[in-house]
Amino acid sequence: VNTDPARWQTLASRAVYRSRWVGITLDTVQLPTGAEYEYTRIEPAGVAVGVIGFNAAGDILLEREYRHGVGEVVWQIPGGLADAGEDLRATGLRELAEETGYVPAAVNDDTVRYLGWVWDNPGLGTAHSHILRVRDLVPGGRTHTDQGEFVTLHWVTPAWLKQAVRSGEIRDRVVVAAVAYLLLEG
């Protein structure tokens, strides 16, 4: 017996805003009760990829960046949106190098591994983030950040990262999911 809630039926959709980063769509939906309801969805500007990177000593590369949406400097992993037609591995490695100047010493299935993906906020839309684990990071060139990106880099131990997630110091969903995926790997 299926006890899942019934799906809503979309009766109409109207795009009300679009920028380089996001779109907003208003849906008129019919609820399981038959009532009509206006639902606001946020449309992603592209596919996101985050990279949790390790150096040869096993330390993890994190960033600190001011995020205006929450008005705080937050802990995060390097990442960003894929360019049109760009695969996930290429996106992750490009964003890692652009934001940090670090690259893996070699690119192969051992050093670059796909961990999984998470919804960014399924209550608001289909945006999701893919997560890669990259090992053996070494300095690899110049950074090239976007106009609004001001990041500092920090090497942390796995124990520090676990404690920072546990204590709530780190609340970014991609970092928290990356830690969970790594724990699943053992």
Side-chain angles (χ1 to χ4, degrees), residues 16-25 40-55 57-84 86 88-104 115-135 137-183:
V16 295
Y17 175 79
R18 175 130 339 254
S19 75
R20 160 182 176 194
W21 300 109
V22 69
I24 299 175
T25 299
T40 303
R41 283 186 296 119
I42 297 177
E43 302 285 340
V47 175
V49 180
V51 175
I52 186 153
F54 294 79
N55 63 17
D59 292 330
I60 299 165
L61 182 59
L62 294 182
E63 299 175 339
R64 296 274 289 154
E65 183 176 8
Y66 173 74
R67 291 301 197 170
H68 192 68
V70 295
E72 293 183 22
V73 176
V74 302
W75 289 100
Q76 62 189 23
I77 58 177
L81 298 177
D83 292 334
E86 187 178 35
L88 298 176
R89 178 186 271 193
T91 299
L93 294 176
R94 175 182 52 76
E95 288 289 342
L96 175 67
E98 287 178 357
E99 292 182 12
T100 72
Y102 283 89
V103 297
L115 295 178
W117 65 275
V118 293
W119 294 113
D120 290 344
N121 184 335
L124 294 177
T126 61
H128 60 282
S129 296
H130 297 271
I131 303 167
L132 302 177
R133 187 264 299 138
V134 178
R135 289 196 175 136
L137 292 182
V138 295
R142 294 184 352 208
T143 59
H144 174 74
T145 55
D146 291 335
Q147 180 182 5
E149 282 182 317
F150 304 94
V151 301
T152 57
L153 304 179
H154 305 268
W155 289 100
V156 302
T157 66
W160 182 92
L161 178 58
K162 287 179 199 174
Q163 181 56 38
V165 168
R166 186 179 293 116
S167 71
E169 181 174 351
I170 293 179
R171 296 182 299 274
D172 179 274
R173 84 244 173 255
V174 178
V175 179
V176 173
V179 169
Y181 279 120
L182 290 171
L183 290 171

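Sequential numbering from 1 along the given sequence is applied to the chain's residues.
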Enquirer: Among residues at least two apart in sequence or on other chains, which ones pass side chain to side chain donor-acceptor pair (under 3.5 Å) with Y66?
Expert: H68

Enquirer: In Å and rounded to the nearest 0.5 Å, what is the CD1 to OG1 distance from I77 to T100?
Expert: 11.5 Å

Enquirer: Quick one: list whatever passes ring pair (Phe, Tyr, Trp, His ring centres under 6.0 Å) with Y102, sequence neighbours left out.
Expert: W155

Enquirer: Among residues at least two apart in sequence or on other chains, which ones pass side-chain contact (heavy atoms from CB on, under 4.5 Å) with R171?
Expert: E72

Enquirer: Could you pull out the closest heavy-atom pair between A97 and V103, with the gap in Å?
Expert: CB-CG1, 3.9 Å

Enquirer: Between CD1 of I170 and CH2 of W160, what distance do you get to the nearest 0.5 Å?
Expert: 4.5 Å

Enquirer: With heavy-atom distances below 4.5 Å as the criterion, would you say the side chains of L183 and K162 are in contact?
Expert: yes

Enquirer: When you compare the side chain of I52 with that of I60, does any pair of heavy atoms fall below 4.5 Å?
Expert: yes

Enquirer: Looking at side-chain heavy atoms only, is the closest gap between T91 and V47 below 4.5 Å?
Expert: no

Enquirer: If you take all heavy atoms of V175 and Q76, which pair is closest and at what distance?
Expert: CG2-CA, 3.6 Å

Enquirer: Indicate the ring-plane relationship of W119 and H128, choosing parallel, tilted or perpendicular according to the 30° and 60° boundaries.
Expert: perpendicular

Enquirer: Can you name the nearest heavy-atom pair linking T126 to P44, along with the distance?
Expert: OG1-CD, 3.6 Å

Enquirer: Just to verify, what does N121 make a side chain to side chain donor-acceptor pair (under 3.5 Å) with, not counting sequence neighbours?
Expert: none

Enquirer: When you check the gap from the basic side-chain N to the acidic O, do R67 and D172 get nearer than 4.0 Å?
Expert: no

Enquirer: Let me see the working for W21 and L81 under side chain to side chain contact (heavy atoms under 4.5 Å, CB included), right down to the final yes or no.
Expert: CA-CA 9 Å; W21 300 109; L81 298 177; 4.0 Å; yes

Enquirer: Using the rule given for side chain to side chain contact (heavy atoms under 4.5 Å, CB included), can you reason through L61 versus N55, listing the C-alpha separation, both sets of side-chain angles and the distance that settles it, and then say yes or no?
Expert: CA-CA 8 Å; L61 182 59; N55 63 17; over 6 Å; no

Enquirer: Decide yes or no for R133 and L182: does some side-chain heavy atom of the first lie under 4.5 Å from some side-chain heavy atom of the second?
Expert: yes

Enquirer: Which atom pair, heavy atoms only, marks the closest approach of L115 to A178?
Expert: CD1-O, 4.5 Å

Enquirer: Using 0.5 Å steps for rounding, measure from the CD atom of E65 to the CG atom of L153.
Expert: 11.0 Å

Enquirer: What heavy-atom pair brings L96 and P78 nearest, and what distance separates the two atoms?
Expert: CD1-CG, 3.9 Å

Enquirer: Please identify each residue that fulfils ring pair (Phe, Tyr, Trp, His ring centres under 6.0 Å) with H144, with sequence neighbours left out.
Expert: none

Enquirer: State the CD-CD distance between E99 and E149, to the nearest 0.5 angstrom.
Expert: 4.5 Å

Enquirer: Answer yes or no: is there a side-chain heavy-atom contact under 4.5 Å between I131 and Y181?
Expert: yes

Enquirer: Between P104 and L137, what is the shortest heavy-atom contact and its length?
Expert: N-CD2, 3.8 Å

Enquirer: For the atom pair CH2 (W75) and CD (E63), what is the distance rounded to the nearest 0.5 Å?
Expert: 10.5 Å

Enquirer: Run the side-chain contact (heavy atoms from CB on, under 4.5 Å) test against T143 and tell me which residues pass, sequence neighbours left out.
Expert: none

Enquirer: At what distance, to the nearest 0.5 angstrom, does CG of L62 lie from NE2 of H154?
Expert: 8.5 Å

